[in-house]
Amino acid sequence: MLNSRVRPLALLILSAFAAIPAGAGPNDALHVYGGVAYGHDDNLLRIPDGRPAFDNTRADSWWTREGGLIFDKTYSRQRITLVAKLSKTNFDHFKQLDYDGKDLQANWAWQLGNHLEGRIGTTMQQVLAPYTDFSSSERNLRRVHSSYAEGAWRFHSAWRVRAGFQTDKYTYEAISNRFNNRTEDASELELDYLPRSGSTVGLVARHVKGKYPFPRPTGPFTFNDSFTQDELKARVKWIATGSTTLNALVGYTRRNQASFGEGRTSGLAGKIDATYQPRGKMIYTASVWRDFAPLESTLVSYTQNTGAKVGAQWDATAKISVNADAMYERRNYSARREFNGSDNLRDSVRTQTLRATWHPRPMLQVQGGVAHQTRSGSAALGTGSFKSNSVTLTANAQF
C-alpha cells in the first residue's frame with residue numbers, strides 16, 4: 001500500500017526534472033508549458049456526515065496532465081498576451097468524472113500617448129465544477145467564456161476616469177444543473193484621484209444584467225432567475241507605510257431578481273484587503289468581505305455572505321516559500337415565507353490550506369499542499385455538515 005502511494009509522487013518529481021528548460025529564457029516571448037499533478041481527497045463529492053456515499057466511496061485520487069503555449073510580447077507600448085493550455089484529468093474510482101480542461105486567453109494591453117490606456121480581451125475556461133452545493137456523482141463541467149474591454153483617460157496629473165464593459169457566459173454540462181446557465185453583462189464607470197503618494201481614492205458605479213435561458217422548475221411552477229444589479233462603491237488603495245498596503249472596494253448594492261415576490265436585495269457590500277510586508281522573509285495578508293446574492297430556492301430569497309481570510313508567506317530561501325491560509329465564510333439566508341426554522345437559516349464554510357513551493361530553476365516549479373474544509377449544515381435548507389481533507393502535488397515548467 002505504501003509503495004502505491006509513493007510511486008505516483010516519485011514519478012511526479014522525476015517528470016518535473018525531465019521538463020527542465022533547455023531553450024527559451026525567461027525574457028523570450030514564446031514558451032512551451034507543461035505540467036503534471038497528483039491529488040487525493042477523502043471526501044471528493046462533499047458527502048454530508050451520516051449520509052451514504054455514492055458507490056459506497058468517499059475518497060478518490062486523480063492525475064492531471066497539462067500542456068500548452070504562452071506568448072507574451074510588448075510592441076512599443078502595446079502588450080500582447082496569448083495563452084492556450086489543454087489538460088486531461090483522470091480519476092481512480094469515479095471514472096465518469098474524467099474530463100478535458102481548457103484555458104484559453106487573449107489580451108491586448110493598449111496605450112495611446114501618455115494619457116490613454118486600457119485592455120481588450122477574451123478568455124474561455126472549462127473545468128469540473130465544485131460539489132460543495134451540488135449533491136451528485138454526475139460529471140458537471142463548467143465552461144466560462146468572458147469578453148471585456150476597458151479604457152482609462154488620465155486627463156490631469158491627479159485625476160483619471162475609466163470605463164469598462166464585460167460579458168460572462170456560464171454553461172453547465174449536467175442537465176440537472178443547467179438552470180444555472182446564464183449570461184452576465186456588466187458595465188462600470190470610475191473616477192479616481194491619484195495623489196503623489198501612490199495611493200488611490202475613487203468612486204465606482206456598476207450595472208449588471210443577468211439572463212437565465214432556462215426557467216427553474218419549482219413544484220408545478222417555473223421561474224426565471226434573470227436579474228439586474230446596481231452598485232455604487234468607493235475604491236481605496238492606501239499605502240499606509242512602506243510595508244503596509246490597504247485595498248478596499250466598499251459601498252451600496254441593490255439587486256432586483258423577480259423570481260419570487262418582490263425579489264429585492266440591498267445593503268452594504270464590499271471587500272477590504274490588507275498586506276503587511278515587514279523587512280525580512282515574511283508577508284502577512286488579511287481580507288474581510290460582505291456581499292449579497294439571491295439564492296434560487298422555494299424557501300429562501302437571498303444569502304448574505306460574510307467572510308474573513310488570513311494568510312502568511314514565509315520565503316524560507318531564494319527558491320523555497322511556504323504559504324498558510326485560513327478562511328471562514330458564513331451564509332445567512334432570508335426566507336420568502338415563514339416556516340418552522342425560518343428564523344435560524346445559516347451555514348458556514350471553513351477552509352485551511354498549507355503549501356510549499358520550490359523553484360529549482362527559474363522556470364520550473366514544484367508545489368505540494370494540504371487542505372482541510374468543513375461546512376456546518378442547515379437542516380431547514382437540507383444542507384448537511386461535511387468535512388474534507390486533501391493533498392496535492394504539482395510540477396510545471398516553461399521552456
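Here the structure is a predicted model, which is why all the values come from computation and not from measurement. Side chains included, hydrogens not; waters and symmetry mates left out as well; all remaining heavy atoms used.
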A.B. asks: Among all residues two or more places apart in sequence or in another chain, which pass the ring-ring contact (aromatic ring centres under 6.0 Å, His included) test with W153?
C.D. replies: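 With neighbours one apart ignored, the set is F155.
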A.B. asks: Who passes salt bridge (charged side-chain N to carboxylate O under 4.0 Å, His left out) against R143, sequence neighbours left out?
C.D. replies: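 Expected list: none.
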A.B. asks: Hydrophobic side-chain clustering at under 4.5 Å (ILVMFWY, transitive links): who's grouped with F214? Put none if nobody.
C.D. replies: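 Its cluster partners, ordered by chain and number, are F179.
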A.B. asks: Share the residues that join L203 in a hydrophobic cluster, the rule being Ile, Leu, Val, Met, Phe, Trp or Tyr side chains under 4.5 Å apart at the heavy-atom level.
C.D. replies: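 Taking Ile, Leu, Val, Met, Phe, Trp and Tyr as members, L203 shares its hydrophobic cluster with L232.
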A.B. asks: As a quick check of understanding, evaluate side-chain hydrogen bond (donor to acceptor under 3.5 Å, both in side chains) for N247 and D273, giving each step before the final call.
C.D. replies: CA-CA 5 Å; N247 288 281; D273 299 310; 6.0 Å; no
A.B. asks: Going through the distances and angles, do S243 and Q277 end up as a side-chain hydrogen bond (donor to acceptor under 3.5 Å, both in side chains)?
C.D. replies: CA-CA 5 Å; S243 58; Q277 186 174 359; over 6 Å; no
A.B. asks: Can you tell if the side chain of L86 reaches within under 4.5 Å of the side chain of E66, non-hydrogen atoms only?
C.D. replies: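 Sidechains of E66 and L86: no contact.
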A.B. asks: Do the non-hydrogen side-chain atoms of T351 and V349 ever get within less than 4.5 Å of each other?
C.D. replies: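 Yes. Closest side-chain heavy atoms under 4.5 Å.
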A.B. asks: Return the OG to CH2 distance between S76 and W110, rounded to the nearest 0.5 Å.
C.D. replies: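 The distance works out to 14.0 Å.
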A.B. asks: For V370, what are the other residues in its hydrophobic cluster, where any two members join if their side-chain heavy atoms are less than 4.5 angstrom apart?
C.D. replies: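 Traced through the cluster, V370 reaches Y276, M282, Y284, W314, V322, L354, V391.
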A.B. asks: May I ask you to decide if G251's main-chain N or O and E231's side chain share a donor-acceptor pair within less than 3.5 Å?
C.D. replies: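 Between the backbone of G251 and the side chain of E231 there is no qualifying donor-acceptor contact (under 3.5 Å).
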A.B. asks: Taking the six-membered ring of F71, is the NZ or CZ of K73 close enough (under 6.0 Å from the centre) and on axis enough (within 45°)?
C.D. replies: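 Pair K73/F71 does not count as cation-pi.
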A.B. asks: Given the rule that I, L, V, M, F, W and Y join up when any side-chain heavy atoms are under 4.5 Å apart, are L30 and I80 in one cluster?
C.D. replies: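 Yes; tracing contacts between hydrophobic side chains, which count when under 4.5 Å, links both residues.
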A.B. asks: I'd like to check the side chain to side chain donor-acceptor pair (under 3.5 Å) partners of T353; sequence neighbours left out, ordered by chain and number.
C.D. replies: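 For T353, no residue satisfies side chain to side chain donor-acceptor pair (under 3.5 Å) once neighbours in sequence are set aside.
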A.B. asks: Assess the side chains of Q78 and W108: does a donor N or O sit below 3.5 Å from an acceptor N or O?
C.D. replies: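 The criterion, which ignores hydrogens and geometry beyond distance, is satisfied for W108 and Q78.
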A.B. asks: Verify the cluster assignment for V288 and L249: are they in a single hydrophobic cluster under the rule of side-chain heavy atoms below 4.5 Å apart?
C.D. replies: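 No.
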A.B. asks: Is the closest side-chain donor-acceptor distance between S376 and S348 under 3.5 Å?
C.D. replies: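 The answer is yes; a qualifying pair exists.
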A.B. asks: Could you walk me through whether D315 and S321 satisfy the side-chain hydrogen bond (donor to acceptor under 3.5 Å, both in side chains) test, starting with their C-alpha distance in whole Å, then the side-chain angles of each, then the deciding distance to 0.1 Å, before giving a yes or no?
C.D. replies: CA-CA 4 Å; D315 294 325; S321 62; 4.6 Å; no
A.B. asks: Dump the intermediate steps for side chain to side chain contact (heavy atoms under 4.5 Å, CB included) on T228 and H207, then the final yes or no.
C.D. replies: CA-CA 7 Å; T228 60; H207 175 76; 4.2 Å; yes
A.B. asks: Under a single-linkage rule joining Ile, Leu, Val, Met, Phe, Trp and Tyr whose side-chain heavy atoms are separated by less than 4.5 Å, which residues share a cluster with W62?
C.D. replies: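 Same cluster as W62: L44, L45, I47, F54, F91, F94, L97, Y99, L128, Y131, F134, L141.
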A.B. asks: Counting only N and O atoms by type, is there a donor-acceptor contact under 3.5 Å from the side chain of Q257 to the main-chain atoms of D225?
C.D. replies: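 Checked: pair present.
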A.B. asks: Measure the spacing between CD1 of I70 and CG of L82 and express it to the nearest 0.5 Å.
C.D. replies: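 One finds 11.0 Å between CD1 of I70 and CG of L82.
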A.B. asks: Do T132 and F386 have side-chain heavy atoms sitting under 4.5 Å apart?
C.D. replies: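 A side-chain contact under 4.5 Å exists here.
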A.B. asks: Does a donor on one side chain sit under 3.5 Å from an acceptor on the other, for D60 and H93?
C.D. replies: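 There is no such pair (donor and acceptor under 3.5 Å, judged by atom type) between the side chains of D60 and H93.
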A.B. asks: Determine, step by step, whether K237 and L246 satisfy the side chain to side chain contact (heavy atoms under 4.5 Å, CB included) criterion, reporting the C-alpha distance in whole Å, the side-chain angles of both residues, the deciding distance to 0.1 Å, and the verdict.
C.D. replies: CA-CA 6 Å; K237 178 184 177 181; L246 187 72; over 6 Å; no
A.B. asks: Between L69 and Y33, does a side chain to side chain contact (heavy atoms under 4.5 Å, CB included) hold up when you go through it step by step?
C.D. replies: CA-CA 6 Å; L69 298 174; Y33 173 90; over 6 Å; no
A.B. asks: How long is the straight-line distance from CZ of R65 back to OG of S87, given to the nearest 0.5 Å?
C.D. replies: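 Answer for the OG-CZ pair, S87 versus R65, is 9.5 Å.
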A.B. asks: Under the salt bridge (Lys or Arg N to Asp or Glu O under 4.0 Å) rule, what pairs show up with a residue in residues 89-110, not counting sequence neighbours?
C.D. replies: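 Pairs touching residues 89-110 that pass the test: K88-D100.
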A.B. asks: For N181, is there any backbone N or O sitting under 3.5 Å from a side-chain donor or acceptor partner on R178?
C.D. replies: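 Such a contact is absent between R178 side chain and N181 backbone.
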A.B. asks: Hydrophobic clustering (ILVMFWY, side-chain heavy atoms < 4.5 Å, transitive) - are V83 and M124 grouped together?
C.D. replies: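 M124 does not cluster with V83.
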A.B. asks: Find out if a path of hydrophobic residues (ILVMFWY) with successive side-chain heavy-atom gaps under 4.5 Å connects L116 to I120.
C.D. replies: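 Same cluster: L116 reaches I120 through Ile, Leu, Val, Met, Phe, Trp or Tyr contacts under 4.5 Å.
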A.B. asks: Hey, does the Lys NZ or Arg CZ of R142 hover above the aromatic six-ring of Y172, less than 6.0 Å from the centre and inside 45° of the axis?
C.D. replies: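 Geometry flag: not set, cation outside 6.0 Å or 45°.
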A.B. asks: Indicate whether the side chain of N107 and that of T81 have a donor and an acceptor atom separated by less than 3.5 Å.
C.D. replies: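 There is no such pair between these side chains.
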A.B. asks: Which atom pairs, one a donor and one an acceptor, fall under 3.5 Å between side chains of residues 182-197 and the rest of the protein, sequence neighbours left out?
C.D. replies:
| residue | atom | partner | partner atom | Å |
| --- | --- | --- | --- | --- |
| R182 | NE | E184 | OE2 | 3.0 |
| R182 | NH1 | N180 | O | 3.0 |
| D185 | OD1 | T167 | OG1 | 2.9 |
| E188 | OE1 | R206 | NE | 3.3 |
| E188 | OE2 | R162 | NH1 | 3.2 |
| E188 | OE2 | R162 | NH2 | 2.3 |
| E190 | OE1 | R162 | NE | 3.0 |
| E190 | OE1 | R162 | NH2 | 2.8 |
| E190 | OE1 | R235 | NH2 | 3.4 |
| E190 | OE2 | R235 | NE | 2.7 |
| D192 | OD2 | R160 | NE | 3.3 |
| D192 | OD2 | R160 | NH2 | 3.0 |
| S197 | OG | S199 | N | 3.4 |

A.B. asks: Check for me, please, whether I272 and W238 land in the same ILVMFWY cluster - side-chain distances under 4.5 Å, paths through other members count.
C.D. replies: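 Yes, I272 and W238 fall within the same hydrophobic cluster.
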A.B. asks: For Y252 and D230, test the side chains for any donor-to-acceptor distance below 3.5 angstrom and give the result as yes or no.
C.D. replies: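 Side-chain D/A pair, Y252 to D230: absent.
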A.B. asks: Would you please name every residue forming a side chain to side chain donor-acceptor pair (under 3.5 Å) with T122, sequence neighbours left out?
C.D. replies: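 T122 satisfies side chain to side chain donor-acceptor pair (under 3.5 Å) with H145, S147 only.
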A.B. asks: Are the side chain of T275 and the backbone N or O of T285 linked by a donor-acceptor pair below 3.5 Å?
C.D. replies: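 No; judged by distance alone, with no hydrogens or angles, the pair does not exist.
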A.B. asks: Would the number of heavy atoms belonging to other residues, nucleotides or ligands and lying under 6.0 Å from CZ of R58 be above 12?
C.D. replies: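 Counting other residues, nucleotides and ligands, CZ of R58 exceeds 12 neighbours.
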A.B. asks: If you measure from CG on N43 to NZ on K387, what distance do you get to the nearest 0.5 Å?
C.D. replies: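 Rounded to the nearest 0.5 Å, the CG-NZ separation comes to 8.5 Å.
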A.B. asks: I need the single residue from N305, D347, T306 that forms a side chain to side chain donor-acceptor pair (under 3.5 Å) with R331. Which is it?
C.D. replies: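 Result: among N305, D347, T306, D347 is the only option passing the side chain to side chain donor-acceptor pair (under 3.5 Å) with R331.
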A.B. asks: In Å, rounded to the nearest 0.5 Å, how long is the span from CG of D133 to CG of N177?
C.D. replies: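 One gets 10.5 Å once the value is rounded to the nearest 0.5 Å.
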A.B. asks: Cut-off 3.5 Å, side chains only: do Q373 and S388 have a donor facing an acceptor?
C.D. replies: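 Checked: Q373/S388 side chains show no N/O donor-acceptor pair below 3.5 Å.
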A.B. asks: Name all residues meeting the side chain to side chain donor-acceptor pair (under 3.5 Å) criterion together with R77; count only those two or more places apart in sequence or in a different chain, and write none if there are none.
C.D. replies: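 Listed in chain order: N114.
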A.B. asks: Could you walk me through whether S287 and K271 pass the side chain to side chain contact (heavy atoms under 4.5 Å, CB included) check?
C.D. replies: CA-CA 7 Å; S287 302; K271 185 178 183 181; 4.1 Å; yes
A.B. asks: Test salt bridge (Lys or Arg N to Asp or Glu O under 4.0 Å) on D41 and R46; report intermediate values, then the result.
C.D. replies: CA-CA 10 Å; D41 195 308; R46 302 301 187 259; 3.1 Å; yes
A.B. asks: Excluding sequence neighbours, so at least two apart, what forms side chain to side chain donor-acceptor pair (under 3.5 Å) with E329?
C.D. replies: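 Counting only residues at least two positions away or on another chain, E329 forms a side chain to side chain donor-acceptor pair (under 3.5 Å) with W289.
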A.B. asks: Backbone N or O of D72 within a donor-acceptor pair of the R79 side chain at under 3.5 Å?
C.D. replies: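 Such a contact is absent between R79 side chain and D72 backbone.
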